[in-house]
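Values in this document were obtained by computation on a predicted structure and should not be read as measured data.
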Amino acid sequence: MKIATWNINGVKARIDNLTQWLKDSDPDIVCLQEIKTIDEGFPRLEIEALGYHVETHGQKGFNGVAILSKTSPFEVNRGLPGDPLDEQARFLEAVFTLPDTRILRVCSIYLPNGNPADTEKYPYKLAWMERLRSFAAERLAYEEMLVLAGDYNVIPEPHDCFDPRVWESDALFLPQTRQAFRRLENLGLTDAVRATTDATRLYSFWDYQAGAWPKNNGIRIDHLLLSPEAADRMTSAAIEKHVRAWEKPSDHVPVIAYFDFAA
């Protein structure tokens, strides 16, 4: 099974790229972020025509997450628990039954950016990360296959960006951000990409400005974090970098992992 995450940066603007990628890459489950549309505005007909079931948690103009899947989930949960006043559409969970009746939980996550870090946006980011840690701890207790996939807006380590000096005061790379991400991983989660390679200059985002893409001045902020049960069945992971060179691209590219759930 192939599971992917991709910050699409506006699903209506990138629908041609999305449908082409679905045909080329043929993922089984896709977690999208920044769909930037209400649920009713999502171009589901184009996606359903390719054989995918569509679940969305949308918001007008910004944020919004979706999960596309070749089989329908039997349970869907919208919104990250822990703050009933938080109206931002950043979290979607879908629960699937595998052929051998085991459970697979997949979450699409769009973690807050947090910039500027000297505003209320940064405490919101850290609080959201703590809510995610609490959620993950609860789900891990089920001892099921769990994939937390999305745009985390976190650069975990210095080698995950082209120049740490450029990012040292950015909310994506501040020590508190990286510490919060480490606390999440320390629950027993595995970073799919880093479990397969220590390569440097391996990124999932390139800004539209300053020639970042042709210079490969990127950052790695899109991650798939896996429960032990899911990590045991992962066979490989990769970043589909070539998509960034397409016409009218997102500034992010898909990050994917393969699993052998028959094991």
Side-chain angles (χ1 to χ4, degrees), residues 4-21 24-25 30-37 58-66 88-90 108-126 128-129 149-178 180-181 193-194 199-224 238-256:
T5 183
W6 190 8
N7 181 321
I8 196 68
N9 192 19
V11 69
K12 293 180 182 178
R14 320 287 174 206
I15 186 59
D16 290 343
N17 282 7
L18 176 58
T19 54
Q20 185 61 54
W21 175 75
D24 293 347
S25 190
V30 182
C31 296
L32 297 177
Q33 300 85 42
E34 273 201 284
I35 61 174
K36 297 183 180 179
T37 179
Q59 187 173 345
K60 185 177 181 179
F62 59 102
N63 297 334
V65 288
Q88 296 193 27
R90 294 182 174 274
S108 183
I109 293 165
Y110 180 42
L111 205 147
N113 179 286
N115 283 304
D118 59 353
T119 69
E120 72 283 354
K121 292 183 178 182
Y122 192 59
Y124 172 68
K125 178 190 185 84
L126 294 179
W128 207 97
M129 295 183 77
D151 175 2
Y152 280 74
N153 272 312
V154 174
I155 303 168
E157 300 291 344
H159 60 258
D160 290 314
C161 60
F162 72 93
D163 185 350
R165 294 170 298 179
V166 173
W167 297 93
E168 60 186 7
S169 61
D170 193 283
L172 279 64
F173 193 59
L174 286 174
Q176 302 97 308
T177 302
R178 295 161 61 198
F181 187 78
V193 168
R194 281 298 172 218
T200 59
R201 296 186 66 77
L202 189 67
Y203 310 129
S204 63
F205 169 94
W206 297 261
D207 194 273
Y208 292 124
Q209 307 299 320
W213 164 244
K215 296 176 183 176
N216 196 28
N217 289 345
I219 54 178
R220 191 177 74 92
I221 57 175
D222 302 272
H223 312 297
L224 292 91
I239 299 175
E240 299 195 338
K241 180 179 177 179
H242 67 281
V243 177
R244 185 62 174 79
W246 289 1
E247 187 177 353
K248 292 184 63 178
S250 170
D251 40 11
H252 298 249
V253 297
V255 180
I256 60 100

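One distance of note links CG of Asn113 with NZ of Lys121; it measures 7.5 Å at 0.5 Å rounding. Remark: Asn63 CG to Gln88 CD distance equals 5.0 Å, nearest 0.5 Å. Note that the CG atom of Asn7 and the CD atom of Glu34 stand 4.5 Å from one another [nearest 0.5 Å]. Atom CD1 of Ile109 and atom CE of Met129 lie 10.0 Å apart (nearest 0.5 Å). Here CD of Glu157 is found 11.0 Å from CD1 of Ile155. Values are rounded to the nearest 0.5 Å. In this structure, CG in Asn115 is found 7.5 Å from CG in Leu174, a value given to the nearest 0.5 Å.
Contact between Lys36 and Asn9 at its shortest, heavy atoms only, is NZ-OD1, 2.6 Å. Taking every heavy atom of both residues into account, Asn153 and Leu172 meet most closely at O-CG, 3.3 Å. Pairing each heavy atom of Gln33 with each of Ser108, the nearest pair is NE2-OG, 3.2 Å. Pairing each heavy atom of Ala171 with each of Thr177, the nearest pair is O-OG1, 2.6 Å. Nearest heavy atoms, Val255 versus Ser204: CG2-CB, 4.0 Å. Considering all non-hydrogen atoms of both residues, His159 and Tyr203 come closest at O-CE2, 4.4 Å.
The shortest distance between side-chain heavy atoms of Val243 and Trp6 falls below 4.5 Å. Inter-residue side-chain proximity for Leu18 and Leu32 is flagged as met; some heavy-atom pair is nearer than 4.5 Å. The side-chain heavy atoms of Asn216 and Phe162, taken from C-beta on, include no pair separated by under 4.5 Å. Asp160 places none of its side-chain heavy atoms less than 4.5 Å from the side chain of Ile219.
The backbone N or O of Ala89 lies less than 3.5 Å from no partner atom in the side chain of Tyr110, so there is not a single donor-acceptor pair. At distances below 3.5 Å, not a single donor-acceptor pair connects side-chain atoms of Asn17 with backbone N or O atoms of Ser250. In terms of modelled atom types and a separation under 3.5 Å, the side chain of Arg244 and the main chain of Trp206 share a donor-acceptor contact.
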Might you work through the side-chain contact (heavy atoms from CB on, under 4.5 Å) test for Tyr122 and Leu126, ending with a clear yes or no? CA-CA 6 Å; Tyr122 192 59; Leu126 294 179; 3.6 Å; yes
Start with the C-alpha gap between Glu247 and Asp16, add the side-chain angles, then the distance that decides, and say whether side-chain contact (heavy atoms from CB on, under 4.5 Å) holds. CA-CA 10 Å; Glu247 187 177 353; Asp16 290 343; over 6 Å; no
Let's go through Asp207 and Asp251 carefully: what are the C-alpha distance in whole Å and the side-chain angles of both, what is the deciding distance for side-chain contact (heavy atoms from CB on, under 4.5 Å) to 0.1 Å, and is it a yes or a no? CA-CA 6 Å; Asp207 194 273; Asp251 40 11; 5.8 Å; no
Apply side-chain contact (heavy atoms from CB on, under 4.5 Å) to Leu111 and Trp128, showing your working. CA-CA 7 Å; Leu111 205 147; Trp128 207 97; 3.8 Å; yes
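Residues satisfying the side-chain contact (heavy atoms from CB on, under 4.5 Å) test with Ala149, not counting sequence neighbours, are Thr5, Cys31, Val147, Leu224. Scored by the side-chain contact (heavy atoms from CB on, under 4.5 Å) test, Pro123 finds no partners at all (sequence neighbours excluded).
Under the 30°/60° scheme for interplanar angles, the aromatic rings of Phe181 and His223 are found to be tilted.
With hydrogens and angles left out, the side-chain atoms of Trp21 and Glu240 include a donor and acceptor closer than 3.5 Å.
For the pair Arg178 and Phe173, the cation sits on the ring face: its NZ or CZ lies under 6.0 Å from the ring centre, inside 45° of the axis.
Listed by first and then second residue, the salt bridge (Lys or Arg N to Asp or Glu O under 4.0 Å) pairs involving residues 162-171 are Asp163-Arg165 (not counting sequence neighbours).
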